[in-house]
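One structure is given here, and the rest of the page talks about it.
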Amino acid sequence: MRFLLAGLVVTVIGAGCFGDSDLSSTGSGGVRSDRKDVPPPDCGGACDTPAPAARFARLTHLQWENSVRELLRLDGPTGLSDQFTGDTLGGIFDTHTGALKIGSTLWSDYQRAAEELALRATLNADAVSRLLPVDAPEATDARARAFVESFGQRAFRRPLTADEVSRFMSLFELGPALTGVTDPMVGGARITVQAMLQSPFFLYRTELSDVVVEDAIPLNGYEVAQRLSYALWNSMPDEALFAAAASGSLSTREGVAEQALRMMADPRAREMLSRFHHQLFDLDTVRAVQRDPAKYPGTSSQLGAYLEKETALFVDEVVATQRSNLSTLLTSPTTFVNQELATLYGLDLAGGSDFQKVELPADQRSGLLTRLGFLAAYAHGPDSDPIRRGVFVNLRVLCADLPPPPDNVQPLPNETTGTMRERVTAHTGAGTCGAGCHSGLINPAGFAFEHFDGLGRYRTEDNGLPVNAADTYTLKDGTSISWSDAQAFSQSLARSRQVHRCYAQHWAEYLFGRNELAEDERLVERLTEASMEGAPVQDIVLEVVTSRSFLTRSAAEEGS
Amino acid sequence: MKNKFSRRFVLKGAGGAVLGLPLLEGLLPRVAHAQQTPAPRFAVFMRQANGVAQASGSEPERFWPRELGAVTQSSLSSLDADRAVSELSAYASKLLLVRGLKFNFPGNGCGHSGGGNQCLTAQRVSQSPSGNRSLAMGESVDNRIARELNPGGRDPLTLYAGRQSGYIDEVLSYRGSMDLRPAENNPLNAYMRITELSSADAATRERIAKARLSVNDLVREQMNALRANARLSAADRQRLDLHFESVRDLEVQLSCSLSEIQVSEMQAMSSGEAYRDGANLVKVARMQADLIALAFSCGYTHSATLQIGDGNDGTEYTIDGVKQPRYHWISHRIFADGSNGDPIPDAAQKHHQIDRLHAQMFRHLLDRLSTHGLLDSTAAVWCNDLAHGVSHSYSNIPFVIAGSCGGYLKTGQYVDVREGGQYVAHNKLFNTILNAVGCKKSDGSPVDDFGDASLPRGELAALKA
């Protein structure tokens, strides 16, 4: 781990690297007059600046589902979130807090689910006992209080205040009257669970800390714990994380790092890594790939599902099993195929129909962008589709600033002569109205894959003419990369700063649940450098969640 | 607890009369007797994507009738039988076909998204986000109606049929500027919301209502404590306000249900998420139309939307038993979403057939409204977010209205509302419809200013009875 936790000499979160020894002399919220504008280069994550963010980030439906499962100690998902009204598209990632709102339809959905879950979880006294600490007192009143306090702390992911306890105790006592259940513990627990599952403190990750230290507001231990657990696990904190929050150890970056490392080894983190890449590489579109088996012998109606699985297995192998990095994702010849995919790759697969790990010919394939899934998802029918492939690479891999296409794009002339490349060039290349975007950005990135037909099968000829996949792409910094084929293109991408920055930016967006903002620059640049040097993807994640940006809130949003 | 007593125990009767009732009495499942108020009125908007096969460039007219003026069953079923609107001939006397309207503002990089943004809002298109992510800068007409007329401020019913691509999904219903409401694509979920508790006995409903009230009071206290924080950002405040307003106490609902056969069909459609499959789109659209009529008849909502297909509908519709290329490709007349593709043979004619398919889905909605005796109380609108697919134009957006909305609209006619040959901004249509359903400005006067503030005010006189 070559860069994680650089700058840990300064440990108190919030104090930044501007000196934390004499905070008392400036007082809470004070800004030291002698602070330096430029943090020392070795300061690392301690010197990042938080950007304004939601203080009430609503749980995604997945996070809700995982949380109630954990909270109510259920064996499996409830499935109730399938009935929730969906969220609108906030961006590439489902964690985007801007789209996570509670309108009256979702409110009713939450209400219904809370009632049903409360009923299921409190069918009888034994069921209620499973939600209580083992050493809970037997006397009804004390037992009720133990329930409110212990279940409340897990539901709200922080201890309840004394006022909250007494308010919920009043509700608990009404339980039998409100639920029609005579057992006071069962009735009380039922109405309490029903209410807590509808509370804003359950439905949102609320962040109420508001004491400014220098230019940021340090989150308290419980707020840090839920940021960590929802970022890394899409679920609520476990007992160990709650214990860390209670002990105060999450007020230092070392303490956070210890928990984050532990959590990263958990299968829930593996799922999160997979989910991030699923959304970044849009595997829903890969799964939707369909080809007519009559026209493409050897393909089946399951083709899209197989392609999705191939990509998911490959990403999991690189990121989780090998603990490797972005460069490997872009260049590895390893993949996973079943018989159907092996045939399309031109491989002979020994043995059964299950997916097996194989090495693809290194002179034909290099990394994710040379896999059938990407190549088939961004093409139609038999032909390659340089424009759609090129647009995807520009937007998701290079973060190029492509304006949207014009409304009235004219179709390609219906010609059957020449190669696809020649036709696309004539229509959109230099000297045409599409030159601005196409000739320098979209077309080159798409032409790189001309050795692959519309299904991703390798070819050396297009329409009887030799394939030409060589081209040059101009990066944002004005330098350019050139290549002869998709393998060389992928290798160039894997060495490109712009590509690593794009990947780092996407991680920040996913983990923060918002678009990149100016305050993220320092962190994203550091992630970029590390990724270029080969830092494992998991270390990128760890660096984000241990940075000062992640562990504090911006003071700038106050009153805005 | 400021709103405790104003929000509690208030229910709106079927006639829109506000009645204050004591606690338990108000929760019993009985009809709230309206005073001498007009019958409730409704509006529903069904959106087709990608324009229609109307005259454009070298393509002939395949959508509108030949002549302006009276529309009759015989004119539609004989002379104009080759036009898509002829599918609605059975409802000729209830129809109001409106040409000459435009979306006033340019899109921002994506014609489909910009059209979807304006379709029910008559608002500008956001500068950021742009392209296929652009948003409308104000509320939609269904939201305005629900906000003013729905019991307890309940959301408009916001439904969707077909696949979601992730490129542009739902587009229609806006709570406010850049605040797009999600649409429900699973009919069973919508049904469960509409009919909730309506089959429970009185004692059960009473108990559930009491429990909910206790929980809601507690949640409101918590929400109010959070909202009292003066240092919230605007976005956080908006988020909490929306949530707070969404916490509703149980309203009295008429007994409300569909047949067991209909419900079991919805269950089958829900299982394995079959409703997401484009191949089931027409079936899902019909179910959603059933739900809209049910929701109106039960007093669940006064407005609803039904979006057919995704933003630039890529559904592979089946015509005469043959599965067609993606509709978006057909609307471009080539085998592609963009510029790179072979021509689709007979694409304009295929587009016309898909227009007919939409007319049939709309007709099913009219059938259901008629069954419930609601068509004459409703303005049912079949609209589009483009005028014509190939051009992506916003001029001459087709609006097909059925129902007089309580006698407010003059039906049985085909009108061109252009003024001095110029297309008219479509906010005037919404002013007319808002007044037809009974909405008012805050001073009690008729609505004349829906949509962006720069747009001309007033109604479309030609539409009024």
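By convention in this document, chain letters (A, B, ...) are assigned in the order of the sequence lines, proteins followed by strands, and residues within each chain are numbered from 1.
Note: A:Gly86 leads A:Gly175, A:Ala177, A:Gly86, A:Gly180 in heavy-atom pairs under 4.5 Å with chain B. Each of A:Asp383, A:Thr285, A:Leu178 has some count of heavy-atom pairs under 4.5 Å with chain B, and the biggest count is that of A:Leu178. The residue among B:Leu226, B:Asp169, B:Ile168 with the most heavy atom pairs within less than 4.5 Å of chain A is B:Leu226. Across A:Gln194, A:Gln198, A:Arg112, the residue that shares the most heavy-atom pairs under 4.5 angstrom with chain B is A:Arg112. The greatest number of non-hydrogen atom pairs below 4.5 Å with chain A, out of B:Ala190, B:Pro129, B:Pro182, B:Gly114, is found for B:Pro182. Most heavy-atom pairs under 4.5 Å with chain A: of the set B:Leu218, B:Asn185, B:Val219, B:Asn186, this distinction falls to B:Leu218.
Defined by atom type and a distance below 3.5 Å, a donor-acceptor pair is present between the side-chain atoms of B:Arg248 and A:Ser108.
Contact annotation for A:Tyr204: only side-chain heavy atoms (C-beta onward) come within less than 4.5 Å of a heavy atom of chain B. Residue contact with chain B, scored on non-hydrogen atoms closer than 4.5 Å, involves the backbone of A:Asp82 exclusively. Looking at B:Arg133, only its side chain comes within 4.5 Å of chain A, counting heavy atoms on both sides. Contact annotation for B:Met192: both backbone and side-chain heavy atoms come within less than 4.5 Å of a heavy atom of chain A. Heavy atoms of B:Arg175 lying under 4.5 Å from chain A belong exclusively to its side chain. In this structure, the portion of A:Leu208 lying under 4.5 Å from any heavy atom of chain B is its side chain and not its backbone.
Looking at B:Asp236, its side chain never comes within 3.5 Å of a backbone N or O of A:Ala54 through a donor-acceptor pair. Between the side chain of A:Ser104 and the backbone N or O of B:Ser246 there is no donor-acceptor pair closer than 3.5 Å.
B:Glu184 has its side chain out of reach of A:Thr105: every pair of non-hydrogen atoms, C-beta onward, lies at least 4.5 Å apart. By the 4.5 Å heavy-atom criterion applied to side chains, B:Arg239 and A:Arg58 are not counted as neighbours. A heavy-atom distance below 4.5 Å is found between the side chains of A:Glu115 and B:Arg212. Proximity of A:Trp107 to B:Asn216: side-chain heavy atoms (C-beta onward) are separated by under 4.5 Å at one or more points.
Taking both residues in full, the closest heavy atoms of A:Arg55 and B:Leu232 are given as NH1-CD2, 4.0 Å, listed atom of the first, atom of the second, then distance. Heavy-atom minimum distance, A:Lys101 versus B:Met178: NZ-O, 4.2 Å. Taking every heavy atom of both residues into account, B:Arg193 and A:Phe84 meet most closely at NH2-C, 3.8 Å.
Between the OH atom in B:Tyr160 and the OG1 atom in A:Thr85 there is a gap of 12.5 Å [rounded to 0.5 Å]. Summarising the geometry, atom CG belonging to B:Asn189 is positioned 7.0 Å from atom CG belonging to A:Asp109; distances are rounded to the nearest 0.5 Å.
If you look at A:Phe56 and B:His243, their ring centroids are not closer than 6.0 Å.
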